[in-house]
Protein chains: 2
Amino acid sequence: MRRQRSQPADHGRASRETILDGAFQAFTKGGYRDTAVDDIAAAAEISKGGIYFHFPTKEAIFRELMRTTADKLVGKVESTVAAESDPIARAEVAIRTVLEVFAGHRTMARLFFEAGAGGRGFQAETNVLHDRFANLIQSYLDDAVAQGTIPAIDTRITSVVWFGALDEVVARWLLADRPGRLEDAYPTLRALLLRSVGVTEARIAEVPAPTFPAAFPEQHR
Amino acid sequence: MRRQRSQPADHGRASRETILDGAFQAFTKGGYRDTAVDDIAAAAEISKGGIYFHFPTKEAIFRELMRTTADKLVGKVESTVAAESDPIARAEVAIRTVLEVFAGHRTMARLFFEAGAGGRGFQAETNVLHDRFANLIQSYLDDAVAQGTIPAIDTRITSVVWFGALDEVVARWLLADRPGRLEDAYPTLRALLLRSVGVTEARIAEVPAPTFPAAFPEQHR
DNA sequence: TGTTAGCGACCGACTGGTCGGTCGGTCGGT
DNA sequence: ACCGACCGACCGACCAGTCGGTCGCTAACA
């Protein structure tokens, strides 16, 4: 199968994107270690040599993919958050947005969660990602504390806790046999997190938080 | 280096344990994928062939290691929990115990957290582990709800959230450049979690929770 | 207009190295 | 003499990265 050769106007941009797309698909099922460069090549309909013309190593592809994908997510969060001015409302919207984006892009979630499967050094990569989100959350919490909306607490640990909670909820959803709708977990998650930092019950009840049926399909006990 | 041959009385039990010990050491630094069977052999001071006399596959070694280690941890938790009768107190003690055990056995924590680095199928293994602890937590929460100590909430999601929080706190501690004392995070974590399920402030303040200095060394912002 | 040199993009067979697992063999105890 | 425990060289699969090519475009030149 002869491939259409790219026009010179492409400047190689197109195929770079094509490779990234293929890499996304490939990494998405299988994680880093279980994905061979040949798999990426197949997914992107390009040769291995072609890939190495555009990228120096397999790891470089993965890193770029992670970075740009995270950028998109953070960008999305920051733009939706911009509509709110109250710091607690911002935190709420941030959490909700992450949930919604992942709900709509299960594969993207996979990318983030199977990133770890590249042992040693990728742990560091994941670390940066976690930090990024935790810091985002922490900034909202700090603001909330500063303006007296919530009592003074250790916002560093709190942001870690919030992130961990969010992370785990998404992780379980990803691994569930018959996953429900991820967004359905939001009302409960929101209430738990807001309560945890001492937001008043009145404030928590403010958004009626439609009582969906339990978001988690079944429990294996 | 000729090794001491085991006495027949051993029935091979000793060397099985020796291998498991070596595997623990080896897996502990490097995760599953980055640890070669030869590494395990070296750590256990036995030959590769010797290992395959006792275990069918590398994966079998890892699974057994995970299982028995988790057993120990769960056992420890359950025995300390037995001293308490109030379900919320039990949950508190469970969290605290996990923190303390990990604090004292950093390597054990490593084993659990680098388990994921074996892509696909190990995710499932980790899943089981998470389930085990989440279910433990859920049972305490269910009891607390049943006896009216806390309001009725979705204990399934709540247990996932609690576990996620705990998990992330430990993970950050493991990856910190200059980790502080893990137990120091307990007071804050405890307060956050208890508040999240609606335990009264009075009850939360009950244990004076000695205000340690911040448990997290520094923040990279 | 026809010819050709140069080049950027891409191809895919191949290499070097790693690693899980095997297998014929050894050895001490009974 | 036999057997269970153990040894370690070896096999084969897999895979990241390389390298000598090919192809078609464009620009320079005749």
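Predicted model only: the values in this text are computed from it and were never measured. First the proteins, then the strands, lettered A, B, ... as listed; each starts at 1.
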Filtered N/O pairs between nucleotides 15-17 of chain C and protein, under 3.5 Å:
none

Which atoms of nucleotides 10-15 of chain D (N or O only) lie under 3.5 Å from a protein N or O atom, and what are those distances?
none

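Judged purely by atom type and a 3.5 angstrom limit, A:Asn135 has no side-chain atom pairing as donor or acceptor with the backbone of A:Arg132. Counting only distance, with no hydrogens or angles, the side chain of A:Ser196 and the backbone of A:Leu193 share a donor-acceptor pair below 3.5 Å. Of the possible donor and acceptor atoms, one in the side chain of B:Arg106 sits under 3.5 Å from a partner among the backbone N and O of B:Leu174. No donor-acceptor distance shorter than 3.5 angstrom exists from the side chain of B:Trp173 to the backbone of B:Arg181, with no hydrogens or angles considered.
For A:Phe62 and D:dG17, the CZ to C1' distance is 19 Å, given to the nearest whole Å. Distance A:Glu59 CD to D:dA16 P: 12 Å, rounded to the nearest Å. In this structure, OH of A:Tyr52 is placed 18 Å from C1' of D:dG20, rounded to the nearest angstrom. For the pair B:His54 NE2 and C:dG21 C1', the interatomic distance rounds to 16 Å; values are reported in whole Å. One can place CD1 of B:Ile40 at 12 Å from C1' of C:dC19, the figure rounded to the nearest angstrom. When the P atom of C:dG12 is taken as reference, atom CD1 of A:Ile51 falls 12 Å away, rounded to whole Å.
Closest contact between the side chain of A:Phe53 and the listed nucleotides C:dG20, C:dA9, D:dA5 involves C:dA9.
Using a cutoff of 4.0 Å between basic side-chain nitrogens and carboxylate oxygens, A:Arg96 and A:Glu100 are scored as salt-bridged. One finds no salt bridge joining B:Asp39 and B:Lys29 here, because no Lys/Arg side-chain nitrogen approaches an Asp/Glu carboxylate oxygen to under 4.0 Å. Ion pair B:Asp38/B:Lys58 not flagged as a salt bridge, since none of the NZ, NE, NH1 or NH2 atoms sits closer than 4.0 Å to an Asp/Glu carboxylate oxygen.
Taking the side chain as every heavy atom from C-beta outward, A:Glu64 and A:Leu20 approach each other to under 4.5 Å. Proximity of A:Leu73 to A:Phe102: side-chain heavy atoms (C-beta onward) are separated by under 4.5 Å at one or more points.
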* To do: For A:Val170 and A:Phe112, run side-chain contact (heavy atoms from CB on, under 4.5 Å): C-alpha distance rounded to whole Å, both residues' side-chain angles, the deciding distance at 0.1 Å, then the answer.
  => CA-CA 11 Å; A:Val170 175; A:Phe112 287 131; over 6 Å; no
Inset, instruction - May I have the step-by-step check of side-chain contact (heavy atoms from CB on, under 4.5 Å) for B:Trp162 and B:Val197, ending in yes or no? - result: CA-CA 10 Å; B:Trp162 278 38; B:Val197 295; 3.7 Å; yes
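Axis angle between the ends of the helix from C:dT1-D:dA30 to C:dT30-D:dA1, five pairs each and rounded to 10 degrees, works out to 30°.
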